[in-house]
Amino acid sequence: MPTATAIINLDIEGPRISRHLYGHFAEHLGRCVYGGFWVGEDSPIPNAGGIRLDVVEALRALRIPNLRWPGGCFADEYHWKDGIGPREERPRMVNTHWGGVEENNHFGTHEFMALCELLGAEPYISGNVGSGTVREMSEWVEYLTRDGDSPMVRLRKENGREEPWRVRFWGIGNETWGCGGNMRAEYFADLARQYATYCRDHGDNKLYRIASGASDEDYQWTETLMRQINCFGCEAAPRTYYQALSVHYYTLAGPWEAKGSATDFDTDDYYRTMVSARRIDRVLTGHSTVMDCYDPRRTVGLVLDEWGTWWDVEPGTNPGFLFQQNTLRDALVASTHFDVFHRHAARLVMANIAQTVNVLQAMLLTDGDALVRTPTYHVFEMNKGHQDATSLPVHLRADGARRRVGEAELETVSVSASVKDGALLVSLSNLDAEEPAEVVLDLRGGRIGEARARILTADKPQAHNTPQTPEAVAPRAFDGVRRTDRGPALTLPPHSFVTLRAPMTVAS
């Protein structure tokens, strides 16, 4: 049996894990918005102003911290004024990126803000740089956040909203290296400064501007953006055109043109997926290292505002709708990502899984009036105690918990830990598809009380939930925790995710 020891220093605090690392993403793509979040006021499905309430209830249980909208690629062909005013008068458009379907703009700015209020989540708006204008984005900021009197304030009031909203997070473009304009890094860097300049702070609403960043390991893109705000090795504070850069990274088991099935995969596909998922650590380390050269005090944030698995669409569905099932394999991709996010919490300030409902690695799948919580949903729920907690350094000795996967070596045990309100939370994943793993938590600098644990697993990694079997993969109590002189020891079943919680005191 593979073995590992996780040394956790209870008395040495790491950086705070921002709750925004557990953020979400909703694009006008397939059935994410229409049929997912939005059913319309005349729907027999229970709703509040057209927003379906079972989705809201499920997401509130995750303490969803933020929601990114309206894209994605869609953001750079979206013109926000088409989505305000009486719905029956809103102009229609063609969603050229995702299926060529007609968009009726019934879900627009006011509907999105109402959704965020129902969720208790902060809005993160992705602005149109690809086909929009500086004025258009500037006026959107004014429309949403300005008080008093101005042209956009009067327009907002005409549309039924007297008070401004608080909207901190603004994306300056999306994937400007690709669907957002196919720009060169140097060209977009100038645009980012220009757009950010005209996205004004109104009153006490202080914007957090996020410049469209790199794909995968394109570190040159990150360096180009960082050069716009500081010099190499400077101790001076970076210029405040934008406060963060984004990066996108998706987990695939094979090449882009043959991503494979979400449910019909073998053990080799599974292990290749886990190697790909583990690569996120290298990606974040690379971008952080470049940023450190220009911002050693780490005042500029890194935002992973698109991440998750990407498979071939389910047979018989619109290929432009990106609908895929969600298995235990996807859940383990999420659990290992969060361990990496926690380690990078000093620089990584936000992450947004793609996407929330019915698209890619979704939290929820809807089918008419049915709603299914996916295995990935349960990882978010089991891990929610890490939000705004203080990370604890974990030193993992796992020489026996490794597998050779092609030319790569996969470490099959992943662990992270945090403390909040006097409680220790440890998350553990066994990525081995076939063998259990013995993990000892070597706790130093403090002690814990009685530990309680939960487990997410199934008989095989391909297991998933459907309207007929909604609990096929669901958390349950885990009794495989033993006491040792060093701390708890756990025998993790194959392909499993476990969280352990216990009251904690630091040694005096």
Side-chain angles (χ1 to χ4, degrees), residues 2-22 278 280-282 284-285 288-289 292 296-298 302 334-349 351 379 382-402 411-431 437-455 478 480-492 496-508:
T3 61
T5 299
I7 301 168
I8 304 176
N9 295 289
L10 303 179
D11 58 342
I12 300 177
E13 295 185 348
R16 184 180 67 88
I17 299 168
S18 171
R19 67 186 183 278
H20 292 294
L21 296 183
Y22 286 81
R278 284 285 207 175
I280 186 60
D281 191 21
R282 187 176 77 190
L284 294 179
T285 297
S288 296
T289 301
D292 284 346
R297 299 179 186 178
R298 296 182 175 176
L302 181 61
S335 68
T336 55
H337 269 61
F338 283 129
D339 291 338
V340 173
F341 295 171
H342 299 164
R343 290 197 294 273
H344 285 271
R347 175 71 77 177
L348 190 67
V349 297
V379 171
M382 293 169 71
N383 251 11
K384 65 185 178 183
H386 289 300
Q387 294 186 24
D388 285 336
T390 300
S391 63
L392 296 174
V394 176
H395 303 279
L396 188 64
R397 294 202 300 259
D399 292 340
R402 297 178 184 274
E411 192 171 78
T412 55
V413 170
S414 180
V415 184
S416 65
S418 71
V419 60
K420 182 180 179 182
D421 299 329
L424 170 70
L425 178 60
V426 183
S427 297
L428 308 99
S429 299
N430 178 15
L431 306 183
E438 179 78 6
V439 182
V440 176
L441 302 182
D442 187 349
L443 304 181
R444 303 180 182 183
R447 61 181 184 272
I448 63 170
E450 182 180 0
R452 299 183 182 276
R454 301 167 73 200
I455 187 169
F478 180 58
V481 183
R482 307 182 309 281
R483 286 183 174 271
T484 73
D485 292 340
R486 289 185 290 174
L490 304 89
T491 302
L492 305 179
S496 66
F497 172 60
V498 171
T499 55
L500 179 146
R501 178 182 292 275
M504 185 193 96
T505 55
V506 175
S508 56

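If you're wondering where the values come from, they're calculated on a predicted model, not measured in any experiment.
- Ala437 approaches Val413 most closely through the heavy-atom pair CB-CG2, 4.0 Å.
- For the pair His20/Val349, no side-chain contact is recorded, criterion being any heavy-atom separation below 4.5 Å from C-beta on.
- Under the rule for a salt bridge (charged side-chain N to carboxylate O under 4.0 Å, His left out), the partners of Arg297 that lie at least two apart in sequence or sit in another chain are Glu235.
- Atom CD1 of Ile12 and atom CG of Leu392 lie 9.5 Å apart (nearest 0.5 Å).
- In terms of the side chain to side chain contact (heavy atoms under 4.5 Å, CB included) criterion, residue partners of Val340 (sequence neighbours excluded) are, by chain and number, Ile280, Asp281, Leu284, Arg343, His344.
- Taking Ala423 as the reference, Arg501 meet the side chain to side chain contact (heavy atoms under 4.5 Å, CB included) condition, with sequence neighbours excluded.
- Of all the heavy atoms in Ala398 and Ala4, the pair that sits closest is CB-CB, 3.8 Å.
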Q: Go through Arg486 and Thr5 one step at a time and tell me if the side chain to side chain contact (heavy atoms under 4.5 Å, CB included) criterion holds.
A: CA-CA 10 Å; Arg486 289 185 290 174; Thr5 299; 3.9 Å; yes
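- Using a 4.5 Å cut-off on side-chain heavy atoms (C-beta onward), Met504 and Leu443 make no contact.
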Q | Residues Leu425, Lys420; criterion side chain to side chain contact (heavy atoms under 4.5 Å, CB included); working and verdict | A | CA-CA 8 Å; Leu425 178 60; Lys420 182 180 179 182; over 6 Å; no
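- Taking the side chain to side chain contact (heavy atoms under 4.5 Å, CB included) definition, one finds that Asp399 meets it with Arg402, sequence neighbours left out.
- Applying the salt bridge (Lys or Arg N to Asp or Glu O under 4.0 Å) rule to pairs touching residues 382-394 yields Arg16-Asp388, Arg19-Asp388, Glu381-Lys384, sequence neighbours excluded.
- Annotation: side chain of Val394 is not in contact with side chain of Val426 (no heavy-atom distance under 4.5 Å).
- Here the closest non-hydrogen pair linking Val506 and Gly445 is CG1-O, 3.5 Å.
- Counted by atom type alone, Ser288 and Arg298 present zero donor-acceptor pairs between their side chains at under 3.5 Å.
- The main-chain N or O of Arg278 is never found under 3.5 Å from a side-chain atom of Thr336 such that the two would form a donor-acceptor pair.
- Atoms OG1 and CZ, from Thr499 and Arg452 in turn, are 13.0 Å apart once rounded to the nearest 0.5 Å.
- Among all heavy-atom pairs drawn from Ser335 and Ser429, the shortest one is OG-OG, 2.7 Å.
- Remark: Asp442 CG to Leu396 CG distance equals 11.5 Å, nearest 0.5 Å.
- Residues meeting the side-chain hydrogen bond (donor to acceptor under 3.5 Å, both in side chains) test with Asn9, sequence neighbours left out: none.
- Between the CG atom of Leu424 and the OG atom of Ser418 there is a distance of 7.5 Å, given to the nearest 0.5 Å.
- Note: Phe338 and Phe341 have perpendicular aromatic rings, judged against thresholds of 30 and 60 degrees for the angle between ring planes.
- Here the closest heavy-atom approach between residue Asn383 and residue Tyr22 is recorded as ND2-OH, 3.3 Å.
- Under the side-chain hydrogen bond (donor to acceptor under 3.5 Å, both in side chains) rule, His386 has a single partner from Ser18, Ser391, Ser427, which is Ser427.
- Rounding to the nearest 0.5 Å gives a distance of 13.5 Å between OG of Ser416 and NE2 of His337.
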**Q.** side chain to side chain contact (heavy atoms under 4.5 Å, CB included) between Phe478 and Leu500, intermediate numbers included
**A.** CA-CA 9 Å; Phe478 180 58; Leu500 179 146; over 6 Å; no
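- Side-chain contact between Val498 and Val481: absent, with no pair of heavy atoms (C-beta onward) separated by less than 4.5 Å.
- Counting all heavy atoms, side chain and backbone alike, Leu10 lies closest to Arg447 at CD1-N, 3.9 Å.
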